[in-house]
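Inspection log for the structure reproduced underneath, given as C-alpha cells.
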Amino acid sequence: MKNKLSVIIAVIILACAAVGITFETYAVSLPEAYITDISALEESFKVEMQEVSGITGYQVQYSTSENFDKDDTHSVITYSNFSAPENLKGGQIYYVRARAFKKTDKKNTRD
C-alpha cells in the first residue's frame with residue numbers, strides 16, 4: 001500500500017507540473033503543547049495547556065474514541081492556553097489531545 005501511495009503522489013505531482021502548478025514545502029519546528037489540567041464541568045470540560053511562546057494558538061481535539069476515529073473526533077481552535085468545548089453529553093468519557101500551531105503567510109504549521 002505504501003508503494004502504491006508513493007506512485008499516486010508522484011503521478012499527481014507530475015500532472016500538476018505539466019499544467020504549471022508548483023509546490024512549496026518547508027519544515028518548521030514548534031514547541032509541543034502539553035495539557036496541564038483538565039476539569040470536568042456540567043456539560044463540558046475545561047482544558048488548560050502549558051503556555052508556549054512563538055505560536056499563534058492551540059488546536060484541541062476531543063473524541064469518544066480512544067484512537068480518535070474520524071467520526072467521533074471534534075476539534076476546537078483557541079488562541080489562549082485554555083479551552084472549554086460546549087454541549088457535550090454528561091457521563092461520557094472523552095479523550096483529549098492538544099497541539100500548538102503557528103499561522104504563517106501561506107498556511108498553518110502544527111507540531
Side-chain angles (χ1 to χ4, degrees):
M1 180 67 183
K2 189 175 182 181
N3 194 19
K4 287 182 182 179
L5 182 60
S6 299
V7 171
I8 291 170
I9 291 171
V11 168
I12 292 171
I13 291 172
L14 289 174
C16 290
V19 294
I21 299 173
T22 60
F23 294 93
E24 195 174 317
T25 60
Y26 54 93
V28 175
S29 179
L30 294 176
E32 291 187 33
Y34 294 101
I35 294 174
T36 57
D37 188 33
I38 298 179
S39 307
L41 304 175
E42 192 171 316
E43 290 185 4
S44 182
F45 56 85
K46 180 179 178 183
V47 179
E48 292 185 41
M49 284 83 59
Q50 176 185 12
E51 200 164 322
V52 179
S53 62
I55 64 163
T56 305
Y58 302 88
Q59 178 187 28
V60 177
Q61 291 183 324
Y62 58 96
S63 179
T64 55
S65 166
E66 188 174 358
N67 298 321
F68 288 86
D69 294 333
K70 192 173 187 175
D71 294 337
D72 300 326
T73 302
H74 304 280
S75 182
V76 176
I77 299 292
T78 181
Y79 298 99
S80 62
N81 65 331
F82 67 91
S83 178
E86 297 178 355
N87 301 322
L88 303 178
K89 296 177 186 173
Q92 178 72 47
I93 295 174
Y94 289 94
Y95 300 91
V96 181
R97 63 185 177 187
R99 61 183 175 181
F101 72 89
K102 182 176 183 177
K103 201 171 248 192
T104 64
D105 59 344
K106 301 264 182 189
K107 63 178 184 177
N108 288 338
T109 307
R110 296 187 174 128
D111 72 347

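Just the heavy atoms: all of them, side chains too, but no hydrogens, waters or symmetry mates, feed the values below. What you are looking at is a predicted structure, and each value in this text was computed from that prediction instead of being measured.
- Using a 4.5 Å cut-off between side-chain heavy atoms of Ile, Leu, Val, Met, Phe, Trp and Tyr, with links allowed through other members, Tyr62 and Phe82 fall into different hydrophobic clusters.
- Under the 4.5 Å side-chain heavy-atom criterion for grouping Ile, Leu, Val, Met, Phe, Trp and Tyr, Ile38 is connected to Val76 within one hydrophobic cluster.
- Remark: Thr56 pairs with no residue by the side-chain hydrogen bond (donor to acceptor under 3.5 Å, both in side chains) rule, at least two apart or across chains.
- Atom-to-atom distance recorded for Gln61:CD and Ile77:CD1 is 8.5 Å, nearest 0.5 angstrom.
- Residues Asn81 and Tyr58 approach most closely at CA-CE1, 3.7 Å, considering heavy atoms.
- Considering only residues two or more places apart in sequence or on other chains, Asp71 meets the side-chain hydrogen bond (donor to acceptor under 3.5 Å, both in side chains) condition with none of them.
- Taking CD of Glu32 as the start and CZ of Arg99 as the end, the distance is 12.0 Å to the nearest 0.5 Å.
- Partners of Thr36 by side-chain hydrogen bond (donor to acceptor under 3.5 Å, both in side chains), not counting sequence neighbours: none found.
- With a 4.5 Å cut-off on side-chain heavy atoms, Lys89 and Tyr94 count as touching.
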Taking distance alone, no hydrogens or angles, what donor-acceptor pairs closer than 3.5 Å link side-chain atoms of residues 45-52 to residues at least two apart or in another chain?
none

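- Through direct or relayed side-chain contacts under 4.5 Å between Ile, Leu, Val, Met, Phe, Trp and Tyr, Phe68 connects to Ile93, Tyr95.
- For the residue pair Asp72 and Ser63, the shortest heavy atom distance occurs at O-OG, 3.0 Å.
- Ser75 pairs by the side-chain hydrogen bond (donor to acceptor under 3.5 Å, both in side chains) definition with Gln59, not counting sequence neighbours.
- Among all heavy-atom pairs drawn from Ala100 and Ala33, the shortest one is N-CB, 3.7 Å.
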